[in-house]
Amino acid sequence: MKCKFIPTPGADFACNAKAASSSFVRAIIAAHMPELEEHISTAVAYPTGKGPDDVRWQGRVDGYEQPKQPVVLVVRGVVERFRSACAESGVAEVDAKLAKLESAPAGIDPHFCPQARYVEAAGKAGQPVRLYRFERDLDAAAKALGLALPLPVIKTFERIAPPTLTPAQQARVLAIYAADAAIWDAAVTAGVEWVDPAAAELRRAEQLALISHEAAAAIDAGIEVDGGIRLAAAPADQLAFALLLNLLREAEALQPDDKARAAFLATPQLIADAGGTLRTVSDIPALRRLLVSYGEAIRGIWNSSRAAAAALR
């Protein structure tokens, strides 16, 4: 079954069966199709007591299979939509219908067609889809389409009462329409934009890789420490500076007395910056502070990277 997108100023309405589509199409005619509105209001003969608000007009309204604007999709919970479709189509043998849908879910009956096909069509056309839940968000969807409120209420035609499903049948419905259920779950607020889970996961992986790359690039560029000295920070450099810090502690511990220790600590030190130039540090405590600051800066970069990655996950 092909999709039908009906244009309105600023958005295309996804004509999703069993999700108030009859009411929306009637309201679209009244709001945006004055010639058709005049025709169905004055030139059509209706049974006694009936009028244009008692008829389904989807077949009289032009649309297209691929959207050309952002899409407004009213999505319905899959179990209730299936029950309503069974009532309208007169499906009393639920298990037989489920077996048929399990073999070919995209049949010719629009009431049983997956709602996800509208999302797929919009994705191929490069158009975003804004989601609205039936019945919670009907007014919000109407406003997004520039329609007057309240929406006309066009009664659902039922050949039989909606069937009561067993837990096993409900599970089969959820399995058949798993993609629809994911879209329903995504519609947490009116007008939220659909994001395909696979595409979102790919973007997340790309962002994680970028975060890791940026952290590594920042470290590879060298770490600037107190005194404006930039130290190399490749893994071998980090290991060398960590060993130097330990050697300084051990050398201080080997001094025979306080006088020798004071003289040792006051000794100027040389350290090579990232460009290979030897830089003089005033004394050993200053060199220690420089090396500690160096280590803290590297940890800060990786901690920020991990926090950003955790937020994405």
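Along the sequence shown, residues carry numbers from 1.
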[X] (side chain) donor-acceptor with [Y] (main chain) under 3.5 angstrom:
X: W57; Y: P52; value: yes
X: Q255; Y: A251; value: yes
X: R136; Y: R133; value: no
X: D185; Y: A182; value: no
X: H32; Y: L145; value: yes
X: S23; Y: P152; value: yes
X: K4; Y: Q58; value: yes
X: D54; Y: K50; value: no
X: S41; Y: E37; value: yes
X: D180; Y: Q115; value: yes

Is a donor from one side chain sitting under 3.5 angstrom from an acceptor on the other, for [X] and [Y]?
X: T267; Y: D283; result: no
X: E38; Y: T42; result: no
X: S305; Y: E214; result: no
X: E88; Y: T156; result: no

[atom1]/[X] to [atom2]/[Y] distance, rounded to the nearest 0.5 angstrom?
X: S84; Y: E158; atom1: OG; atom2: CD; result: 6.0 Å
X: L290; Y: I223; atom1: CG; atom2: CD1; result: 11.5 Å
X: R26; Y: D53; atom1: CZ; atom2: CG; result: 4.5 Å
X: E102; Y: R172; atom1: CD; atom2: CZ; result: 4.0 Å
X: L243; Y: E250; atom1: CG; atom2: CD; result: 9.5 Å
X: I229; Y: T280; atom1: CD1; atom2: OG1; result: 8.5 Å

Under a 4.5 Å cut-off applied to non-hydrogen side-chain atoms, are [X] and [Y] in contact?
X: V129; Y: Y118; value: no
X: R159; Y: V91; value: no
X: E252; Y: L265; value: yes
X: I29; Y: V61; value: yes
X: F112; Y: S89; value: yes
X: E193; Y: L131; value: no
X: E224; Y: L231; value: no
X: C15; Y: V25; value: yes

Considering residues, nucleotides and ligands other than [X], do more than 12 of their heavy atoms fall under 6.0 Å from its [atom1]?
X: H39; atom1: NE2; value: yes
X: E93; atom1: CD; value: no
X: D257; atom1: CG; value: yes
X: R288; atom1: CZ; value: yes

Fill in: Axial cation check for W194 ring with R130, 6.0 Å and 45° limits
no
If every non-hydrogen atom of [X] is compared with every non-hydrogen atom of [Y], which pair is closest and at what distance?
X: W302; Y: A215; value: CZ3-CB, 3.7 Å
X: P110; Y: R117; value: O-NH2, 4.5 Å
X: S21; Y: N16; value: CB-O, 3.4 Å

Worksheet item: So, for F13 and F5, is the gap between ring centers shorter than 6.0 Å?
Response: no
Worksheet entry | Step-by-step side-chain contact (heavy atoms from CB on, under 4.5 Å) determination, F264 to I284 | CA-CA 8 Å; F264 171 74; I284 287 178; 3.2 Å; yes
Discussion item. Under 4.0 Å between a side-chain nitrogen and a carboxylate oxygen: does that hold for D273 and R230?
Written reply: no
If you look only at distance, which donor and acceptor atoms sit under 3.5 Å apart when one is on a side chain in residues 68-79 and the other is two or more places apart or in another chain?
from, atom 1, to, atom 2, distance (Å)
Q69, OE1, G10, N, 3.1
Q69, OE1, A11, N, 3.4
Q69, NE2, T8, O, 3.0
Q69, NE2, A11, O, 3.4
Q69, NE2, D12, OD1, 2.7
R76, NH1, K18, O, 2.9

Item to complete: Indicate if L151 and I40 have the same hydrophobic cluster label, given that clusters are the connected sets of ILVMFWY residues with side-chain heavy-atom separations under 4.5 angstrom.
Response: yes
Practice prompt. Take the angle between the ring planes of F82 and Y177 and call it parallel below 30°, perpendicular above 60°, tilted in between.
Written response: tilted
